[in-house]
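Taking it in order: structure first as structure tokens, then the write-up.
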Amino acid sequence: MTIERKGVGQRMSQAVIHNGTVYLAGQVGEAGASVTKQTQDILQKIEGLLAEVGSDTTKILQAVIWLDDMKHFAEMNAVWDAWVPEGHAPARACGEAKLASPELQVEIIITAAV
């Protein structure tokens with residue numbers, strides 16, 4: 001069994017690959033920025049991490065999205081919907097949660113095939 005870790009820190013790795021599946025750590029955007037900007041930042045980070053492990057947005061299996069307030073659902077979805085490749089929408093959940101910092105409004109967790 002091989003487990004490969006990328007962006008390893010003391011608390012977490014940014015990506016963990018096992019059996020052809022990559023698990024990304026929760027990604028956040030620029031603290032204090034708008035929901036639109038934070039979502040754009042997050043999706044850009046996700047693209048970079050997927051590329052680093054030989055994957056891409058067409059291989060996303062699941063997305064878990066946390067919003068600090070569900071009132072941001074439509075604003076986040078406007079960015080998300082434009083980003084997801086047509087015909088490749090992943091299984092997805094979106095909920096409300098208190099995030100690590102009050103300046104953060106969106107966090108996205110991705111699981112993808114490599």
Side-chain angles (χ1 to χ4, degrees):
M1 170 178 66
T2 302
I3 299 173
E4 183 180 352
R5 301 173 197 281
K6 302 281 188 178
V8 179
Q10 182 174 349
R11 180 169 291 153
M12 67 181 180
S13 297
Q14 288 299 310
V16 177
I17 305 147
H18 177 257
N19 282 344
T21 303
V22 61
Y23 305 86
L24 300 185
Q27 300 299 308
V28 296
E30 180 186 334
S34 69
V35 169
T36 294
K37 174 75 167 113
Q38 286 187 32
T39 305
Q40 290 168 336
D41 290 348
I42 292 164
L43 299 179
Q44 184 176 10
K45 288 180 182 181
I46 289 168
E47 285 179 9
L49 287 166
L50 291 175
E52 185 178 336
V53 301
S55 187
D56 62 56
T57 57
T58 66
K59 297 178 182 173
I60 295 174
L61 303 171
Q62 181 181 46
V64 178
I65 302 171
W66 294 113
L67 300 173
D68 72 330
D69 192 312
M70 288 305 289
K71 71 181 181 186
H72 303 307
F73 188 66
E75 184 177 353
M76 178 278 301
N77 273 327
V79 179
W80 174 268
D81 291 345
W83 179 76
V84 172
E86 189 171 335
H88 296 280
R92 192 186 103 159
C94 184
E96 180 177 300
K98 209 178 253 192
L99 300 180
S101 164
E103 294 84 23
L104 297 173
Q105 299 174 339
V106 184
E107 182 170 353
I108 300 177
I109 304 160
I110 294 292
T111 303
V114 178

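This chain uses plain numbering: 1 for the first residue, then up along the sequence.
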Closer than 3.5 angstrom, by distance alone: can the side chain of [X] be matched with the main-chain N or O of [Y] as a donor-acceptor pair?
X: T111; Y: Y23; value: no
X: K45; Y: V28; value: yes
X: E75; Y: T36; value: yes
X: E96; Y: M70; value: yes

Would you name the heavy atoms of [X] and [Y] that are closest together and state the gap between them?
X: T58; Y: H88; answer: O-ND1, 3.5 Å
X: Q105; Y: L99; answer: C-CD1, 3.5 Å
X: T57; Y: P85; answer: OG1-CG, 3.2 Å
X: Q62; Y: P90; answer: N-CB, 3.9 Å
X: V106; Y: Q38; answer: N-OE1, 3.4 Å
X: T2; Y: H18; answer: O-CD2, 3.5 Å

Salt-bridge criterion met for D41 and K37 (N-O under 4.0 Å): yes
Using 0.5 Å steps for rounding, measure from the [atom1] atom of [X] to the [atom2] atom of [Y].
X: T39; Y: Q27; atom1: OG1; atom2: CD; result: 13.0 Å
X: L43; Y: I110; atom1: CG; atom2: CD1; result: 8.0 Å
X: H72; Y: S34; atom1: NE2; atom2: OG; result: 10.0 Å
X: L104; Y: E30; atom1: CG; atom2: CD; result: 10.5 Å
X: W83; Y: I46; atom1: CH2; atom2: CD1; result: 5.0 Å

Starting from the C-alpha separation in whole Å, work towards a yes-or-no answer on side-chain contact (heavy atoms from CB on, under 4.5 Å) for I60 and L50. CA-CA 9 Å; I60 295 174; L50 291 175; 3.9 Å; yes
Do W80 and I65 make a side-chain contact, defined as non-hydrogen atoms from C-beta onward lying under 4.5 Å apart? yes
Quick check on the hydrophobic clustering: are V84 and V35 connected, directly or via other members, by side-chain heavy-atom contacts under 4.5 Å? yes
Same cluster or not: are I108 and V16 linked, directly or through other Ile, Leu, Val, Met, Phe, Trp or Tyr residues, by side-chain heavy atoms under 4.5 angstrom apart? no
side-chain contact (heavy atoms from CB on, under 4.5 Å) evaluation trace for K6 with L49: CA-CA 9 Å; K6 302 281 188 178; L49 287 166; 5.7 Å; no
So with a 6.0 Å cut-off around CD of Q44, is the heavy-atom count from everything else above 12? no
